[in-house]
Amino acid sequence: MALSAQQIPRWFNSIKLISVITAPQLRQCSQRAGKTLLCGFSAQPQMSSDNFFLQWGFKTYRTSSMWSGCQSANSGRQESNSARSTLLPSVNEQSQKTQKTPNFDSELSLEGLDDLPLLSPLQPVSEEEAVQIIAAPPLPPVSFTLRDYVDHSETLQNLVLLGLDLSKIEKQPDAANLLLRLDFEKDIKQILLFLKDLGIEDNQLGTFLTKNYAIFSEDLENLKTRVAYLQSKNFSKADIAQMVRKAPFLLSFSVERLDNRLGFFQKELQLTVKKTRDLVVRLPRLLTGSLEPVKENMKVYHLELGFKLNEIQHMITKIPKMLTANKRKLTETFDYVHNVMSIPHHVIVRFPQIFNTRLFKVKERHLFLTYLGRAQYDPAKPNYISLDKLVSMPDEIFCEEIAKASVRDFEKFLKTL
Amino acid sequence: MGPGGLARLHGLFAAYKPPGLKWKHLRDTVELQLLKGLNAGKPPAPEQRVRFLLGPVEGSEEKELTLTAASVPTLTDHPLVCGPTFTSLKVGVGHRLDAQASGVLVLGVGRGRRLLTDMYNAHLTKDYTVRGLLGKATDDFCEDGRLVEKTTYDHVTREKLDRILALIQGSHQKALVMYSSLDLQTQEAYEMAVRGLIRPTDKSPMLITGIRCLHFAPPEFLLEVQCMHETQKQLRRLVHEIGLELKTTALCSQVRRTRDGFFTLDDALLRTQWDLHSIQDAIQAAAPRVAAELEKSLRPEPGTQQLPGLGRPWDSKGPSSGLGLESCAGH
């Protein structure tokens, strides 16, 4: 402390009453800085021993750096306050200042200033007090990473042990502040129990929460209403659990929005209610993602690629991912399959898996079969090779059974392309 | 795995770039696969830190407090808090290939990137197989470009083609001598030229050290080209100019690099082999050869050098061309 109490000059005596309000604050500061605050902390028995020392060390740091701000003994009300308040030093300080002044007005007396117990570094301190001075480095008030706070916050420790990936979350702009301000007992536990009731296993909670940490700031009642709405639409409990697991943001959507989206899929694809339900359960991110790519892809299938509506419905019930596929890749794949491999529409409809594979795989295998003379894709003719066998098999099985060649031959062929 | 894996990841290796893939995408894919392999190793043991905790003195009746040192587990270095250990790797690319070309692409990892500069300065030759198509001309000399001209090609024979290729090789040989800044009147220069060891000293335009026709079946023909300081576009332009010399037109349907310096097709890794273990094995397998060849190439004395490429006779190059494959695979 650069300015200790004994350096307060005697001219304080002559200062008017208004400015003397600062003096008791200073005196109180100086008193508190030197002495241990056992009396203050005994009123809060639920704090663990680590945090006790943490706040002590924290306080000495603050009095030394912020001479004008004095904090009260009541600043450490909750265990997470030490971590929480580092991010908002000025706000806490102000609130404590206004709390402090009424309490100490009674001690206001000009004569008492001369009897200030002058604190100096050379002043002898008792053995007990010496043991209780902690010299740990203080928590940084501002940081770019949660690594600085994880050892001092039980909330963060419990979240890491659950499986939450803090390194991914801290990259989001406001996520870290949100997590630090939460209290495990009050907010997080209820949401966790709710998720467990829904059917999400312990080991899946980590990945779920890493994606949707904002669920902690949702109201539990809202979440229950949304689950009730889904149940009213005849989604079974297991279905809802699967949907929530695959699309973590589902429960953050309001009932109205979910309703609109389900309605959109039913109208756009003109499917029955049961088929829409199955589709959404298989690919729940249709409900949480953007709807523009789906509309565009439907137009592409219908107008550009020339599929009829019932063909599109059939393909989509088999491979729901086609609705959100990249338009450019779709057109390139279709162009190669239809024009180069000369496969007509009705055969493609039977094997929509071809739209889900990488184009280079289709090209390499087709060129190998052409080189060997086995490229027969017409179901009517002998030695017919179906498209799903072409793309869905790993290399070894493809080479042995379909191409009737060895994997080494396939590799040698690839090096001639 | 982490530290041991990274230590074996310094050096040069070759990958086979398929047509249609940009070289940068290949480099990024290789880097991602290597990072995936390095981060997949088993996580380190949980760390501990020492904290001084206040507790009552044992064996004392009064309420005395004393500090005891305790080793407490810490989460500061847990992978879920810091993130993966490896987030980027330095991978460099040697002589580039454009998107439509395919073939051997040399990549360097870590300290091997320095060897890429050495390879560049060694001015080693590269082998290409170039497939041409007579009768058409396009604006970018490729099959999918805008068609400019169509001509007949019945008058083209193998002899005419060979004569033109010999002319090309001769003129490029003269250019090679000029760019190597050697005085051909001296005995040493003559001996080097006889053994085919002349190399350019610095930057030069494309120099073709050898060109011959492997297969001629009009309208298609297959050339094998040995060159240096080239780009694939210049090779396609070469095919176009050969067409013009033959009083017809030609375009190039395939450019494939079969050898880059001392990396051949056998050393090149296919797409399925772009993972940590295969790349580490490839680096280790190539390391002694790389060291020996670079040392020979960069040594100043010209007499005892035995550089690859021109020194070998034509018929020792067996299966690298397209002809070889027809006999081994299939029926």
Given heavy-atom pairs under 4.5 angstrom as the criterion, report whether the side chain, backbone, both or neither of [X] touches chain B.
{"X": "F360(A)", "answer": "side chain"}
{"X": "V160(A)", "answer": "both"}
{"X": "L164(A)", "answer": "backbone"}
{"X": "D395(A)", "answer": "side chain"}
{"X": "E127(A)", "answer": "neither"}

### Task
For residues Y371(A) and F413(A), establish whether the separation of their ring centroids is below 6.0 Å.
yes

Does a side chain donor of either [X] or [Y] reach within less than 3.5 Å of an acceptor in the other side chain?
{"X": "R259(B)", "Y": "T125(B)", "result": "yes"}
{"X": "S71(B)", "Y": "Q48(B)", "result": "yes"}
{"X": "T145(A)", "Y": "S143(A)", "result": "no"}

#### Entry: Residues forming a side chain to side chain donor-acceptor pair (under 3.5 Å) with D98(B), sequence neighbours excluded
R236(B)

### Summary
Most heavy-atom pairs under 4.5 Å with chain B, out of V150(A), D151(A), L166(A), belong to D151(A)

